[in-house]
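Remarks on the structure that follows.
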Amino acid sequence: MFKYVGDLSNIAQNVINTYIEDKAIAIDATLGNGHDTDFLSKEFQKVYSFDIQEIAVENYKKKKRENVVLINDSHHKLRDYVREDVDCVMYNLGFLPGGDKTITTTWETTLKSIEAALEMIKSGGIITIGIYIGHNEGENEGNKVLQFLENLPKNKYGVLLHKFINRSKSAPMLAIIEKK
Ligand SMILES: C[S@@+](CC[C@H](N)C(=O)[O-])C[C@H]1O[C@@H](n2cnc3c(N)ncnc32)[C@H](O)[C@@H]1O
């Protein structure tokens with residue numbers, strides 16, 4: 001096992017933990033099985049978690065986390081539900097592990113959501129995006145997301161890509177965006 005070059009979710013969580021000092025409000029844009037929401041709810045005062053799958057929301061409800069607001073809707077509507085500025089937004093793109101593989105994030109709504117998130121994060125805030133290109137929609141979505149991120153103004157956003165370069169070409173990637 002590697003200590004650092006291993007699980008991309010751990011890297012995303014470590015970066016958030018290390019660099020966000022005042023942990024007030026976070027968004028998990030892709031709740032799924034709730035691992036990122038678990039992390040965020042321990043660290044932040046308030047967490048908004050989105051998933052289009054009712055089953056994901058219903059499963060998480062059972063945990064009764066008082067600081068987590070669960071939203072059974074698409075993350076491209078972030079602004080409809082979250083009125084305040086936020087410190088971080090986490091994305092884990094693709095389909096629910098162990099769930100219906102046909103229900104997956106899609107590039108149009110993902111890009112709309114990232115655009116909203118870029119506006120909503122505070123100065124010094126962080127967005128993490130786990131990108132999975134090992135399936136058809138994922139490859140298309142990943143390319144579109146990377147293209148979009150490459151064109152963000154560098155005087156406003158720092159964008160870093162974590163990529164395994166000695167693994168399969170379809171290994172996942174992690175993009176991290178920091179707002180100046
Ligand atoms: C890779 S999983 C997330 C895994 C999750 N981070 C975890 O800890 O288990 C992606 C999730 O995004 C959800 N999803 C797909 N499209 C969405 C959308 N437009 N808005 C919100 N969630 C979406 C899927 O239903 C799925 O549960």
Side-chain angles (χ1 to χ4, degrees), residues 6-17 20 25-44 46-65 67-82 86-121 126-146 148-149 162-164 168 170-177:
D7 186 76
L8 293 179
S9 290
N10 283 345
I11 296 176
Q13 293 179 4
N14 282 333
V15 169
I16 289 167
N17 233 348
I20 298 185
I25 301 172
I27 296 176
D28 183 352
T30 49
L31 167 69
N33 291 324
H35 303 299
D36 289 329
T37 295
D38 281 344
F39 156 73
L40 293 170
S41 91
K42 282 190 202 113
E43 301 295 334
F44 287 77
K46 188 170 186 185
V47 182
Y48 294 90
S49 295
F50 289 78
D51 206 293
I52 49 168
Q53 293 197 60
E54 198 178 350
I55 179 97
V57 170
E58 288 305 315
N59 281 342
Y60 204 85
K61 238 180 224 168
K62 293 177 194 149
K63 295 194 176 183
K64 296 191 167 53
R65 295 271 156 86
N67 64 340
V68 178
V69 179
L70 295 164
I71 299 148
N72 182 200
D73 204 346
S74 173
H75 49 215
H76 75 280
K77 300 189 200 156
L78 285 186
R79 279 225 177 268
D80 293 356
Y81 296 93
V82 186
V86 303
D87 299 284
C88 100
V89 185
M90 295 187 83
Y91 292 85
N92 213 326
L93 303 179
F95 48 79
L96 182 64
D100 184 344
K101 291 191 167 64
T102 63
I103 304 175
T104 176
T105 52
T106 54
W107 72 268
E108 293 98 331
T109 44
T110 299
L111 286 188
K112 272 189 197 157
S113 179
I114 296 171
E115 278 175 320
L118 287 166
E119 289 302 314
M120 291 165 74
I121 50 165
I126 287 175
I127 300 174
T128 65
I129 311 174
I131 301 170
Y132 297 84
I133 55 171
H135 58 111
N136 279 348
E137 174 54 34
E139 188 177 2
N140 185 30
E141 180 183 41
N143 288 335
K144 293 259 185 354
V145 168
L146 291 179
F148 175 78
L149 298 182
H162 287 66
K163 180 177 176 177
F164 297 102
S168 131
S170 60
M173 292 179 260
L174 172 68
I176 299 195
I177 304 155

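Atoms within a ligand are numbered from 1 in the order they appear, just like the ligands themselves.
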Counting C-beta onward and ignoring hydrogens, is there a side-chain heavy-atom pair between V89 and F50 closer than 4.5 Å?
no
Report the part of A29 (side chain from C-beta onward, or backbone N, CA, C, O) that has a heavy atom under 4.0 Å from ligand 1; answer both or neither where that applies.
backbone
Is any side-chain N of the basic residue among K61 and E58 closer than 4.0 Å to the acidic one's carboxylate O?
yes
Could you identify the single nearest non-hydrogen protein atom to atom 20 (N) of ligand 1 and state the distance to 0.1 Å?
H75 N, 2.9 Å
Pairing donors with acceptors under 3.5 angstrom, does anything connect the side chains of T104 and E137?
no
Give the single entry among D51, T104, I52, T30 that approaches atom 26 (C) of ligand 1 most closely by any heavy atom.
D51
So do the side chains of I16 and E43 get within less than 4.5 Å of each other, counting heavy atoms only?
no
Just let me know how L93 lines up against ligand 1, side chain, backbone, both or neither, with a heavy-atom cut-off below 4.0 Å.
backbone
Could you find the nearest protein heavy atom to atom 10 (C) of ligand 1 and give me its residue, atom name and distance?
N92 O, 3.3 Å
Taking 4.0 angstrom as the limit and counting only heavy atoms of N33, give me the atoms of ligand 1 inside it, by number and element.
7 (C), 9 (O)
State whether a side-chain donor-acceptor pair under 3.5 Å links N92 with Y132.
yes
For L31, state whether at least one heavy atom is located under 4.0 Å from any atom of ligand 1.
yes
Mind checking salt bridge (Lys or Arg N to Asp or Glu O under 4.0 Å) for E108 and listing every partner two or more places apart, or none if nothing turns up?
none
Please list, in number order, the atoms of ligand 1 under 4.0 Å from a heavy atom of D36.
6 (N), 8 (O)
In ligand 1, which numbered atoms sit nearer than 4.0 Å to a non-hydrogen atom of G34?
7 (C), 8 (O), 9 (O)
Nearest-contact summary for atom 15 (C) of ligand 1 - protein heavy atom, Å
T105 CG2, 3.4 Å
Should S74 be counted as touching ligand 1, given the test is an N or O pair under 3.5 Å?
yes
Say whether T109 and S74, considering side chains only, have a donor N or O and an acceptor N or O under 3.5 Å apart.
no
Which heavy atom of the protein is the closest neighbour of atom 8 (O) of ligand 1, given with residue, atom name and distance?
H35 N, 2.9 Å
Sub-4.0 Å atoms of ligand 1 with respect to non-hydrogen atoms of G94
10 (C)
Which is it for D28 and ligand 1 at heavy atoms under 4.0 Å: side chain, backbone, both or neither?
neither
A side-chain contact here means heavy atoms from C-beta on lying under 4.5 Å apart; do D28 and F39 qualify?
no
Should you measure from each heavy atom of F95, which atoms of ligand 1 turn up under 4.0 Å away?
1 (C), 2 (S)
Can you check whether W107's main-chain N or O pairs, donor with acceptor, with N140's side chain at less than 3.5 Å?
no
Evaluate the side-chain proximity of L8 to I11: yes if any heavy-atom separation is below 4.5 Å, no if none is.
yes
